[in-house]
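What follows is a single structure, written as structure tokens, with notes after it.
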2 protein chains.
Amino acid sequence: MKKQKSELTGICRLQVQGVKDTQDLLSGKWKTVIIAALYNNGKFRFMDLGRHIEGIAPKVLSKELKDLEMNQLVKRTVMDTMPVTVEYELTPHGKSLNKVVEAMGEWGIKYRKSILKK
Amino acid sequence: MKKQKSELTGICRLQVQGVKDTQDLLSGKWKTVIIAALYNNGKFRFMDLGRHIEGIAPKVLSKELKDLEMNQLVKRTVMDTMPVTVEYELTPHGKSLNKVVEAMGEWGIKYRKSILKK
DNA sequence: GAAACTACTTACCAATAGGTAACAGTTATA
DNA sequence: TATAACTGTTACCTATTGGTAAGTAGTTTC
């Protein structure tokens, strides 16, 4: 599409850009769900997280966690236990997504209720 | 992954499920951005929306708008003008995503600032 | 010594998302 | 008359996403 004048104010553009940035970081089917699970639980080991999020394959979980770690939203800690366990938790940066998680969670719950009514 | 006991409370599960539901409805690269643009602007004609959202192709915009319309988040109105123009706007249901849009926008703005500092 | 649990990885495959470019049908404008 | 603007559609292609199934490697339990 050709560029042309836009009547939007700078503040609006900023918010739209913000949404886009957030969206890009949380791309894919699972990242927000993983973050929500960690947000609720604090910590999770790999397998527990995988069991908690129904339908996710280890390969996918592993890849998503790596992405989130790369963007410093999730911290990975290898525990000094036998056998080795690994803990995943949100970084402060990841925790700062609380409003996003809460808003999405709340909206989804209401949405589901409104569907069931019909 | 095999199912096993989960120690999470029902409320947590509910929130995670809510996030998942919302995520599924807003899947893809563009839906949240489109909603944010409509949320800020109120109404948009097809081309204006396409021009406002940098990088989106008409085909993709068309498809995303249809998806959103199908889920009753966006309303499409053909105007009685010559040549025909079409207006897109959020439905009340779409507007109820305000907290999600605001949280994502705000977080993205902060995120961008924190990147620039480094 | 075999099975099971930990945390993944690897190979393979299919569906989808998303992009480009061109075109269609209508109407107004120069 | 031809050009441009409106709202899309169509054909085509590629990269990514996400899924299955199996395997790897270390440790512990039966």
Side-chain angles (χ1 to χ4, degrees), chain A residues 1-7 19-20 23-35 37-38 41 43-71 74-89, chain B residues 1-7 19-20 23-35 37-38 41 43-71 74-89:
Chain A
M1 308 216 177
K2 289 172 196 169
K3 280 185 190 176
Q4 206 164 306
K5 52 158 186 193
S6 164
E7 301 109 21
V19 169
K20 187 165 166 46
Q23 173 69 70
D24 287 348
L25 230 67
L26 303 180
S27 64
K29 220 174 134 174
W30 296 110
K31 290 196 190 75
T32 51
V33 183
I34 292 170
I35 289 170
L38 292 173
N41 209 58
K43 287 177 182 179
F44 259 125
R45 283 178 301 148
F46 185 81
M47 292 296 278
D48 283 344
L49 188 51
R51 273 190 286 260
H52 180 63
I53 300 175
E54 215 175 325
I56 195 167
K59 181 200 120 177
V60 176
L61 180 56
S62 173
K63 190 239 170 195
E64 297 294 67
L65 284 170
K66 271 181 194 162
D67 284 355
L68 292 171
E69 212 191 327
M70 231 174 45
N71 287 317
V74 161
K75 194 175 111 192
R76 178 182 185 270
T77 313
V78 179
M79 306 303 285
D80 191 16
T81 53
M82 291 300 165
V84 164
T85 56
V86 180
E87 275 183 5
Y88 292 93
E89 62 188 315
Chain B
M1 305 212 176
K2 290 173 198 171
K3 280 184 190 179
Q4 207 164 306
K5 52 159 187 188
S6 164
E7 302 110 21
V19 169
K20 187 164 165 45
Q23 173 70 68
D24 287 348
L25 230 67
L26 303 180
S27 64
K29 220 174 134 176
W30 295 111
K31 288 197 192 71
T32 51
V33 182
I34 291 170
I35 289 170
L38 292 173
N41 208 57
K43 288 178 182 178
F44 259 126
R45 283 177 301 149
F46 186 80
M47 290 298 278
D48 283 343
L49 188 52
R51 274 191 285 262
H52 180 65
I53 300 174
E54 215 174 327
I56 195 167
K59 180 199 124 176
V60 177
L61 180 55
S62 173
K63 191 237 169 195
E64 297 295 68
L65 284 170
K66 271 181 194 161
D67 284 356
L68 292 171
E69 212 191 327
M70 231 174 47
N71 287 318
V74 161
K75 193 175 113 196
R76 179 182 183 269
T77 312
V78 179
M79 305 305 284
D80 191 16
T81 54
M82 293 298 166
V84 165
T85 57
V86 179
E87 276 184 4
Y88 291 93
E89 61 189 316

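Each chain gets a letter, A, B and so on, in the order its sequence line appears, and its residues count up from 1.
Considering all non-hydrogen atoms of both residues, A/F46 and A/L61 come closest at O-CD2, 3.6 Å. Minimum interatomic distance between B/N41 and B/K43 (heavy atoms only, all atoms of both residues): ND2-O, 2.7 Å.
In the set C/dC8, D/dC6, C/dT6, C/dC8 carries the atom at the smallest distance from any side-chain atom of A/V86. For B/K66, whose side chain is taken as the heavy atoms from C-beta onward, the closest listed nucleotide among D/dT9, D/dG8, C/dA7 is D/dT9.
Counting to the nearest Å, the C1' atom of C/dC8 and the CZ atom of A/R45 are 14 Å from each other. The CG atom of A/D48 sits 12 Å away from the C1' atom of C/dA7 (whole-angstrom rounding). As a whole-Å value, the separation of B/K20 NZ from D/dG18 P is 10 Å. Rounded to whole Å, the distance from CG on B/L61 to P on C/dA17 is 16 Å. When the C1' atom of C/dC8 is taken as reference, atom CD of A/E87 falls 17 Å away, rounded to whole Å. Atom-to-atom, CG of A/D80 to P of C/dT6 comes out at 17 Å; the value is rounded to the nearest Å. Protein atom CG of B/D24 is 12 Å distant from nucleotide atom P of C/dA17, rounded to whole Å. Note: CG (B/L65) to C1' (D/dT7) measures 11 Å, nearest angstrom.
For the atom pair OH of A/Y88 and CG of A/L49, the computed distance is 8.5 Å after rounding to the nearest 0.5 Å. With values rounded to the nearest 0.5 angstrom, B/M47 atom CE is found 15.0 Å from B/H52 atom NE2. Interatomic distance, B/K29 NZ to B/I56 CD1, rounded to the nearest 0.5 Å: 9.0 Å.
Using a 4.0 Å cut-off, no side-chain N or O of B/S62 falls inside it from OP1 or OP2 of D/dT7. Regarding contacts with the backbone of D/dA5, every side-chain N or O of B/R51 stays at 4.0 angstrom or more from both OP1 and OP2.
For the salt bridge (charged side-chain N to carboxylate O under 4.0 Å, His left out) with B/K75, the qualifying choice from B/E69, B/E87, B/E89 is B/E89, the only one to do so.
Proximity of a side-chain donor or acceptor of B/K31 to a complementary backbone N or O of B/S27 within less than 3.5 Å is detected.
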In B/S/- notation, 5' to 3', how is nucleotides 18-30 of chain C contacted by protein heavy atoms closer than 4.0 Å? BBB------SS--
